Structures are given as C-alpha cells and as structure tokens.
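Reviewing the structure listed below.
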Amino acid sequence: MTDVFHALADPTRRDLLDRLFLNGGLTLSELAEGAPMSRQGVAKHIAILEAANLVTTEWEGRNKRHFLNPVPLTGIVHRWVGKFEDARLDALAEFKSRLETPPDKKETKRHG
C-alpha cells in the first residue's frame with residue numbers, strides 16, 4: 001500500500017490516472033501529448049504507477065496500451081474511508097430509529 005500512496009502523492013501521476021479513467025488504452029505517445037514534460041518523463045511516471053499496480057498494460061501489436069487498475073484504490077477506500085463511513089451509517093441508522101420510535105415507546109431518563 002506504500003507504493004500506492006507514493007504513486008498518488010504526485011499531481012502529475014494523478015493527472016495521468018484521471019486521463020486513463022476517462023480514456024483507457026492510451027499509448028505512451030498519447031499520454032505524452034500535451035504533457036508539460038518529455039515522453040521519457042511520462043514513461044518514468046507510468047513506471048511508478050505500474051509498480052504500484054495502478055496501471056496495467058496490454059500489448060496490441062507494437063503498441064503498449066495503458067489502463068487504470070482501480071483495485072488498489074478500492075483497497076484504500078475500504079481500509080481508510082470505509083471504517084469512517086460505517087460509523088456514520090450506524091449513527092444515521094440509530095438516529096432514524098429514534099425518530100421513528102413513537103413517543104410512548106421511547107425510554108425516558110429519570111433525574112433524581
């Protein structure tokens with residue numbers, strides 16, 4: 001998971017992932033089009049994304065096509081976001097239950 005966080009820490013790599021999300025199957029040349037760096041610079045970023053398993057490749061003849069692999073991102077969501085989301089959903093379910101419980105069925109606190 002450290003590789004994933006390292007890969008996601010760079011805005012250029014996040015931009016490349018966004019582009020692959022919108023249009024998967026891009027070649028290195030297509031990814032380098034309009035990039036603020038050389039083709040070799042893009043290749044280095046792609047290599048880091050591949051090492052983190054965020055990008056997979058497929059050969060089509062002489063062309064190497066790149067695709068976003070969302071599985072490591074899903075792992076992060078489940079580990080880091082999911083546990084907070086579960087607590088919020090539990091709180092909402094309890095709140096809904098309290099709102100829907102008739103007043104005569106609610107527990108009353110006794111002071112004294």
Side-chain angles (χ1 to χ4, degrees):
M1 194 168 286
T2 302
D3 290 345
V4 175
F5 282 113
H6 170 72
L8 293 173
D10 186 275
T12 300
R13 291 191 284 271
R14 291 193 306 267
D15 180 57
L16 290 168
L17 291 174
D18 287 340
R19 291 181 61 201
L20 290 173
F21 172 76
L22 294 172
N23 191 16
L26 298 174
T27 64
L28 184 59
S29 296
E30 292 168 334
L31 285 166
E33 286 176 16
M37 65 188 71
S38 67
R39 185 176 181 274
Q40 290 77 17
V42 173
K44 288 181 182 181
H45 284 291
I46 290 293
I48 292 169
L49 292 169
E50 284 182 87
N53 200 28
L54 289 165
V55 169
T56 60
T57 58
E58 199 175 283
W59 285 94
E60 183 181 275
R62 292 179 28 202
N63 294 318
K64 184 179 180 182
R65 302 229 169 250
H66 302 83
F67 298 89
L68 171 68
N69 178 17
V71 174
L73 298 173
T74 303
I76 289 172
V77 168
H78 287 297
R79 179 170 178 188
W80 295 101
V81 178
K83 61 184 170 187
F84 299 109
E85 195 65 28
D86 289 345
R88 284 185 11 183
L89 291 174
D90 289 344
L92 284 173
E94 182 181 330
F95 181 66
K96 178 181 182 281
S97 177
R98 281 189 283 152
L99 287 175
E100 293 174 343
T101 302
D104 59 326
K105 300 290 183 189
K106 290 184 181 178
E107 290 183 30
T108 57
K109 291 186 178 181
R110 295 181 186 174
H111 299 287

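Start at 1 with the first residue, then count along the sequence. Computed from a predicted model, the values in this text were never measured in an experiment.
Remark: E50 pairs with K64 by the salt bridge (Lys or Arg N to Asp or Glu O under 4.0 Å) rule, at least two apart or across chains. Partners of E94 under the side-chain hydrogen bond (donor to acceptor under 3.5 Å, both in side chains) rule, at least two apart in sequence or in another chain, do not exist in this structure. Remark: S29 engages R39 in a side-chain hydrogen bond (donor to acceptor under 3.5 Å, both in side chains) (not counting sequence neighbours). Checked against side-chain hydrogen bond (donor to acceptor under 3.5 Å, both in side chains), H45 has the following partners two or more places apart in sequence or in another chain: R13. Contacts of A47 classified as side-chain contact (heavy atoms from CB on, under 4.5 Å), with partners at least two apart in sequence or in another chain: none.
Follow the hydrophobic side-chain contacts under 4.5 Å out from L28 and you reach L49 in the same cluster. The cluster map of Ile, Leu, Val, Met, Phe, Trp and Tyr, joined by side-chain heavy atoms under 4.5 Å apart, puts F5 and V55 in the same cluster. Under a hydrophobic clustering in which Ile, Leu, Val, Met, Phe, Trp and Tyr are joined whenever their side-chain heavy atoms come within less than 4.5 Å, directly or via other members, V4 and L68 fall into the same cluster.
Considering all non-hydrogen atoms of both residues, N53 and N69 come closest at O-ND2, 2.9 Å. Across A52 and P72, no two heavy atoms sit closer than the pair O-CG, 4.0 Å.
Here the options are L26, T57, L16, L54, the test is side-chain contact (heavy atoms from CB on, under 4.5 Å), and the partner is I46; only L16 passes.
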For residues 17-24, which side-chain donor-acceptor pairs fall under 3.5 Å, sequence neighbours excluded?
{"unit_1": "R19", "atom_1": "NH1", "unit_2": "L31", "atom_2": "O", "d": "2.6"}
{"unit_1": "R19", "atom_1": "NH2", "unit_2": "E30", "atom_2": "O", "d": "3.0"}

